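Letters A, B, ... are given to chains in the order of the sequence lines, protein chains preceding strands, and every chain is numbered from 1. The basis for the numbers below is simple: all heavy atoms, side chains too, and nothing from hydrogens, waters or symmetry mates. Predicted, not measured: the structure shown is a model, and the values here were computed from it.
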Protein chains: 2
Amino acid sequence: MTSTASPVETETASQRARRARIISATLALASRGGFEAVQMREVAERSEVALGTLYRYFPSKIHLLVSAMGSEVERLSGRLQKRQAPGGTRAERVSFVLERSTRSLQRDPLLTEAMVRAMMAADASVAREVSAIRQGMSDLIVQAMRDGGEPQENDVEIAAILQDVWFARQIAWLGGRIEAADVWRDIHQAIVLVVHD
Amino acid sequence: MTSTASPVETETASQRARRARIISATLALASRGGFEAVQMREVAERSEVALGTLYRYFPSKIHLLVSAMGSEVERLSGRLQKRQAPGGTRAERVSFVLERSTRSLQRDPLLTEAMVRAMMAADASVAREVSAIRQGMSDLIVQAMRDGGEPQENDVEIAAILQDVWFARQIAWLGGRIEAADVWRDIHQAIVLVVHD
DNA sequence: CCAGAAACAGGAACGTGTTCTAGTATGACA
DNA sequence: TGTCATACTAGAACACGTTCCTGTTTCTGG
């Protein structure tokens, strides 16, 4: 139920390695064939782990993919936080960060499909992980807005709205309702309408 | 693939009845047990239809639930469009409409869970139905904004943002990340930040 | 009314996520 | 070092969405 909650972080080296192999296999499969290509038996086989062990580490396919997304977001976030977002206005800086994020994900559409789909399918048992990911993205957006300027009252709420739009547009794209190019157009439109200086 | 596209609307009375029975059984099951309780065999049995026939009418569980949502939204929309939304400002009128919609759905949480989950899981083969539902909700919001006032340039885009937030907050609630009461609080917050007079 | 086509019933069968079982290996501790 | 709990392997088994097959009913054109 709690998954990453209380296990007190006591993991042997071989366990850490196993976990890494699993995530790695997951990313590879997702990247090649999207959500449906991430099949638990296949993940287990590729990471040289028994199916039951895979389920011990990640209690469901959704957990697995959300964790994969976590590691990807962490990577991206680390890269983006290295330096202050460029741009003279709050909207410009937010645009910079979100466009980079969007482009970064769209570079691997199938992987994105797998991860976003998992985020949307997440139920209460993955709430913690999903919240952590949203928190990370929120921090990124808020920081971009504030960089070089003074904080404003509704920064956090605005970041939440942008993130909602961001995910919803990804879903619309995955659901074949809008084109890949429209994703960024819509998100940018939302930034313009929501972020004020 | 096209499902409701070209069949030229030539449906026997008994076919219309079958379709109605299926939707009705779906709503009943969803209402009682949510997404997972809507099992295709059970739906078929309750609507007195063979499994293969169910699949002839609705090519997947997602199609089925999205159609169910369509009929619910149509019902709600008809009720709301009967009279002009009250309120002196654009934000107030939009709040009225969206609060009614939110409350209406939250009155039956399991049904909502089933329908929203299906909307999010929809792939390209249900794009048409999903778009129709979004269009209906968008019309509702835009109309509320404009009622009694003059149209503004970004009405449609603002309605899209609100709808994205609306769905995303439902997902957050279903995913156990926020409480039911917070759903409306967050949506209202977004209205305040996004809708200007 | 008849012949063929389309729709339907009933149910087996398949795929994939998930769970369970039995046996083996590993690590902690006396 | 021996013992015991925990982790792991291998694979069977189960659940539900989906597909497919066979035979029957209903509809439609002539």
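In this structure, A:R19 satisfies the cation-pi test against A:F58, with its NZ or CZ atom closer than 6.0 Å to the six-membered ring centre and inside 45 degrees of the ring normal.
Grouping Ile, Leu, Val, Met, Phe, Trp and Tyr residues whose side-chain heavy atoms lie under 4.5 Å apart, directly or via other members, places A:L140 in a hydrophobic cluster with A:L76, A:L80, A:F96, A:V97. A:L110 belongs to no hydrophobic cluster with other residues, because no ILVMFWY side-chain heavy atom falls under 4.5 Å from its own, directly or through intermediates.
Across C:dA7, C:dT18, D:dA7, the shortest atom-to-atom separation from the side chain of A:R56 is found for D:dA7. In this structure, the nucleotide among C:dA9, D:dT9, D:dT18 sitting nearest to the side chain of B:Y55 is D:dT18.
The 5' end of DNA chain D is approached more closely, in terms of each residue's nearest nucleotide, by A:A50 than by the other of A:A50 and B:K61.
For the pair B:D197 (side chain) and B:R90 (backbone), a donor-acceptor distance under 3.5 Å is present.
At D:dC27, none of the side-chain N or O atoms of B:Q15 fall inside 4.0 Å of OP1 or OP2 (strictly under the cut-off). Considering only side-chain N and O atoms, B:Y57 lies nowhere under 4.0 angstrom from the phosphate OP1 or OP2 of C:dA7. The side chain of B:T53 places an N or O atom within less than 4.0 Å of a non-bridging phosphate oxygen (OP1 or OP2) of C:dA9.
The distance between atom CD of B:E11 and atom P of D:dT26, rounded to the nearest whole Å, is 18 Å. Distance, B:L54 CG to C:dG11 P: 16 Å, rounded to whole Å.
A salt bridge is defined here as a Lys NZ or Arg NE, NH1 or NH2 lying under 4.0 Å from an Asp or Glu carboxylate O, and A:D182 with A:R169 fails to meet this definition.
Looking at residues 21-48 of chain B, you'll see B:V38, B:Q39, B:M40, B:R41 sit with a heavy atom under 4.0 Å from some atom of DNA chain D.
Pairs engaging residues 59-69 of chain B under the salt bridge (charged side-chain N to carboxylate O under 4.0 Å, His left out) rule: none recorded [sequence neighbours left out].
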Show which side-chain atoms of residues 34-44 of chain A pair as donor or acceptor with protein atoms under 3.5 Å away, not counting sequence neighbours.
{"unit_1": "A:Q39", "atom_1": "NE2", "unit_2": "A:E36", "atom_2": "O", "d": "3.3"}
{"unit_1": "A:E42", "atom_1": "OE2", "unit_2": "A:R46", "atom_2": "NE", "d": "3.1"}
{"unit_1": "A:E42", "atom_1": "OE2", "unit_2": "A:R46", "atom_2": "NH2", "d": "3.4"}

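Of the inter-residue distances, the one linking A:M115 atom CE with A:Q170 atom CD reads 9.5 Å to the nearest 0.5 angstrom.
Nearest approach of B:W173 to B:E179, heavy atoms of both residues: CD1-C, 3.8 Å.
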Show the distances under 3.5 angstrom between N or O atoms of the protein and N or O atoms of nucleotides 20-27 of chain C.
none

